[in-house]
Each structure stands twice: as structure tokens, then as C-alpha cells.
Amino acid sequence: MSDTILATERLVKRFGGVTAADNVSVSLRRGELRCLIGPNGAGKSTLFALLCGIYLPDSGSVRLNGNDVTSLQAFQRVRRGLGLTFQTNRTYHALSVRQNLETALGAPRNDRPEGAKSRYQYALERFGLDRDLDRPARELPHHRLQWLEIAMALASGPDILLLDEPTAGMSPDETLQTARVLKHLNREGLTIVVVEHDIAFVREAAQVVTVLHQGRIFAEGSVTEITEHQDVRRIYLGRA
Ligand SMILES: Nc1ncnc2c1ncn2[C@@H]1O[C@H](COP(=O)(O)OP(=O)(O)OP(=O)(O)O)[C@@H](O)[C@H]1O
Ligand SMILES: [Mg+2]
């Protein structure tokens with residue numbers, strides 16, 4: 001198996017006059033935990049959607065596990081090992097926690113990688129979802145709905161998990177708990193890519209950070225390199 005699990009080459013996506021992804025070439029190593037950061041409108045969600053197959057690019061390519069998946073839709077990429085959560089929560093509020101998980105378990109991959117089932121079980125337990133299986137999802141507080149969505153993404157047995165702002169709206173403590181669970185899942189073999197605004201999360205979890213700005217890759221490096229990068233500090237971290 002190749003060391004690269006997911007890679008893009010010169011991806012371009014335009015919306016009218018806006019180039020939301022401008023020649024983005026990014027490469028993810030199997031087993032890494034990567035954070036994608038950048039200010040509002042930098043193109044994070046666009047890149048995320050291009051990686052998932054929610055958007056198809058105007059030009060450029062995406063490779064997953066060594067195969068060209070540029071023209072494949074999201075569900076086809078999920079079958080090939082991608083797990084996804086979105087910036088807006090997509091759990092079914094009228095269904096119980098168990099039923100939500102069952103919708104996600106409905107289509108597991110034929111060739112679930114080793115450890116996938118135990119990673120899913122671990123997330124259920126650490127997020128305390130196993131205690132609430134028969135509760136309607138609408139009764140869960142916001143952060144636990146986010147956790148349910150992560151567990152649902154793990155149900156299909158992905159070898160790479162993509163998350164768009166999984167800690168949005170969480171308290172600092174909930175954010176830290178989320179980071180710790182994701183770090184553990186990563187140590188157990190899952191490759192993880194997180195779009196994230198919360199710098200506390202990035203400091204806790206990231207091994208490699210990619211900074212996007214105006215649709216382009218602006219900087220890439222370790223957490224220390226990025227947080228000490230003068231231009232990054234000036235433009236991104238200092239914006240709050
Ligand atoms: N569906 C769309 N139609 C038109 N313009 C879009 C669309 N999606 C994104 N854009 C534009 O593309 C640019 C990048 O947006 P994107 O949502 O990818 O940024 P982001 O980094 O995820 O921002 P945020 O931090 O607010 O989530 C922005 O200028 C945005 O207005
Ligand atoms: Mg976004």
C-alpha cells in the first residue's frame with residue numbers, strides 16, 4: 001500500500017467570479033492527523049467538498065488509495081474508504097440514536113479495514129452514546145449530536161475520516177474531549193483530516209497543519225511551525 005492515502009493535483013473550483021480552490025495540490029500521508037485552517041472564505045469547505053466528491057472540480061484531480069476518484073460521487077468515495085461529517089449537523093433528529101447509527105451502518109464497506117469495528121465501538125463508548133441508544137436524537141445537547149455524527153461516519157469503516165468543523169459551537173472542555181478521542185482513533189490507525197477554526201483544538205490534535213488563504217495553500221508545517229509563522233500569525237491567528 002502506498003504511503004499517500006489522499007492527494008489532489010492542481011484542483012480548481014470556481015463559483016462565478018470567485019476561485020474558491022485555486023490550483024490546490026495537497027497530499028496526505030496514511031496515518032496522519034491533519035488540520036486545515038484559514039479565515040472565513042479561505043476555501044476550506046470547498047476543498048473539503050472536492051475531497052469528498054460533493055463538488056466536482058473545474059480542473060485537476062483527486063486520488064484516494066492510489067485510484068483516481070475525480071469523477072466519483074461522495075457515496076462512491078465512501079465505499080472506497082472515506083468517512084465524512086459536515087459543517088452543518090446531518091443527524092436525523094426524529095430518530096433515536098440507535099436508528100441514526102443504523103442508517104449509517106446500513107452500507108458498510110465490503111472490505112472494512114482491520115480495526116474499523118473497534119474504532120467505532122471506542123467512539124460510541126467514549127462519547128457516551130452507548131448509554132443513550134433509545135433516546136431521540138433531538139434530546140441530545142448540541143455537542144453530543146456532533147459526536148453522534150462522528151460515530152455515524154465511523155460506522156462504514158473508513159480508513160480516512162474528513163471532518164468539517166466538528167467542534168463548532170462546543171465548549172472548550174467538549175472541544176478538548178473531541179480532540180482527545182480523535183487523537184486516540186488516529187493512533188489506532190485512522191487517517192484524519194479536520195477543517196477547524198479552534199486553535200486550541202489544532203494545538204491539541206494536529207500533527208501537520210495546512211493553511212488556506214484565498215483558495216490557495218498559504219503555508220504547511222507542524223503546529224509549532226505554523227503558530228510561529230509570522231505571516232500566518234499576522235493574517236490568521238491574530239484575526240480574532
Ligand atoms: N456554493 C457556492 N456558491 C457560490 N460561492 C461559493 C459557494 N461555496 C463557496 N463559495 C465562495 O467560495 C469562497 C470559499 O468559501 P468556503 O465556504 O470554501 O470557505 P471556508 O474557508 O469554508 O469559510 P468558513 O470559514 O466561513 O466556513 C468564498 O468566497 C465563498 O463565498
Ligand atoms: Mg467552511
Side-chain angles (χ1 to χ4, degrees), residues 6-28 33-62 69-75 77 82-91 142-143 145-147 149-150 153 160-172 174-175 178-179 182 192-206 208-221 223 226-227 229 231-240:
L6 184 64
T8 72
E9 197 157 333
R10 302 176 68 85
L11 277 184
V12 175
K13 182 70 184 174
R14 294 189 194 89
F15 296 107
V18 177
T19 306
D22 191 357
N23 268 300
V24 177
S25 299
V26 67
S27 180
L28 296 151
L33 201 168
R34 173 84 61 112
C35 284
L36 270 178
I37 65 170
N40 292 106
K44 304 180 296 294
S45 292
T46 300
L47 177 58
F48 180 88
L50 289 165
L51 292 173
C52 301
I54 291 159
Y55 292 155
L56 297 183
D58 295 315
S59 61
S61 63
V62 183
V69 296
T70 312
S71 59
L72 297 189
Q73 294 181 46
F75 78 94
R77 297 187 196 191
L82 216 62
L84 308 170
T85 76
F86 298 92
Q87 195 166 359
T88 46
N89 193 277
R90 297 194 181 187
T91 53
H142 169 78
H143 70 282
L145 280 176
Q146 307 280 86
W147 289 347
E149 192 168 16
I150 295 173
I160 177 165
L161 184 63
L162 305 189
L163 308 121
D164 195 357
E165 300 207 23
T167 69
M170 287 190 190
S171 72
E174 293 153 5
T175 297
T178 308
L182 291 174
I192 302 179
V193 183
V194 191
V195 169
E196 191 53 71
H197 269 311
D198 191 311
I199 200 65
F201 176 97
V202 174
R203 281 186 205 280
E204 174 67 25
V208 185
V209 181
T210 298
V211 184
L212 284 173
H213 177 44
Q214 295 178 345
R216 291 170 180 257
I217 293 182
F218 182 81
E220 201 165 274
V223 179
I226 291 302
T227 51
H229 192 298
D231 292 333
V232 173
R233 286 178 78 91
R234 180 168 49 80
I235 299 170
Y236 304 99
L237 306 180
R239 79 198 155 89

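Counting starts at 1 for both ligands and their atoms, in listed order. All heavy atoms count here, side chains included; hydrogens, waters and symmetry mates do not. A quick note: this is a predicted structure, and the numbers were derived from the prediction, not measured.
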Answer yes or no as to whether an N/O/S atom of Thr46 is found below 2.8 Å from the Mg ion (ligand 2). no

Within 4.0 Å of some non-hydrogen atom of Ala20, the atoms of ligand 1 are 12 (O), 13 (C), 14 (C)

Can you tell me if Arg34 and Thr210 form a side-chain donor-acceptor pair at under 3.5 Å? yes

Between Thr167 and Asp198, does a side chain to side chain donor-acceptor pair (under 3.5 Å) hold up when you go through it step by step? CA-CA 8 Å; Thr167 69; Asp198 191 311; 4.6 Å; no

Gly215: heavy atom below 4.0 Å from ligand 1, yes or no? no

Consider ligand 1: state whether an atom of it lies below 4.0 angstrom from any non-hydrogen atom of Gly38. no

Within-cut-off N or O pair, Ala42 and ligand 1, under 3.5 Å: yes

Would you confirm whether the ring centroid of Phe48 sits within less than 6.0 angstrom of the ring centroid of Tyr55? no

Under 4.0 Å, heavy atoms only, figure out whether ligand 1 is touched by the backbone of Val18, its side chain, both or neither. side chain

Are Leu47 and Leu11 packed together at the side-chain level, in the sense that at least one heavy-atom pair is separated by less than 4.5 angstrom? yes

Could you check Leu36, Val195, Ile150 and say which one makes a side-chain contact (heavy atoms from CB on, under 4.5 Å) with Leu163? Ile150

At a 4.0 Å threshold, what atoms of ligand 1 neighbour a non-hydrogen atom of Ser45? 17 (O), 18 (O), 20 (P), 22 (O), 27 (O)

Using every non-hydrogen atom in the two residues, find where Pro39 and His213 come nearest and quote the distance to one decimal. CG-ND1, 4.5 Å

One finds that the ligand 1 atoms under 4.0 Å from a non-hydrogen atom of Tyr55 are 1 (N), 8 (N)

Mark up the atoms of ligand 1 that fall under 4.0 Å of a heavy atom belonging to His197, in ascending order. 25 (O)

For Pro39, counting its heavy atoms only, list the atoms of ligand 1 lying under 4.0 Å from any of them. 21 (O)

Of Asp22, Asn23, Thr19, which is the lone residue that meets side chain to side chain donor-acceptor pair (under 3.5 Å) with Arg216? Asp22

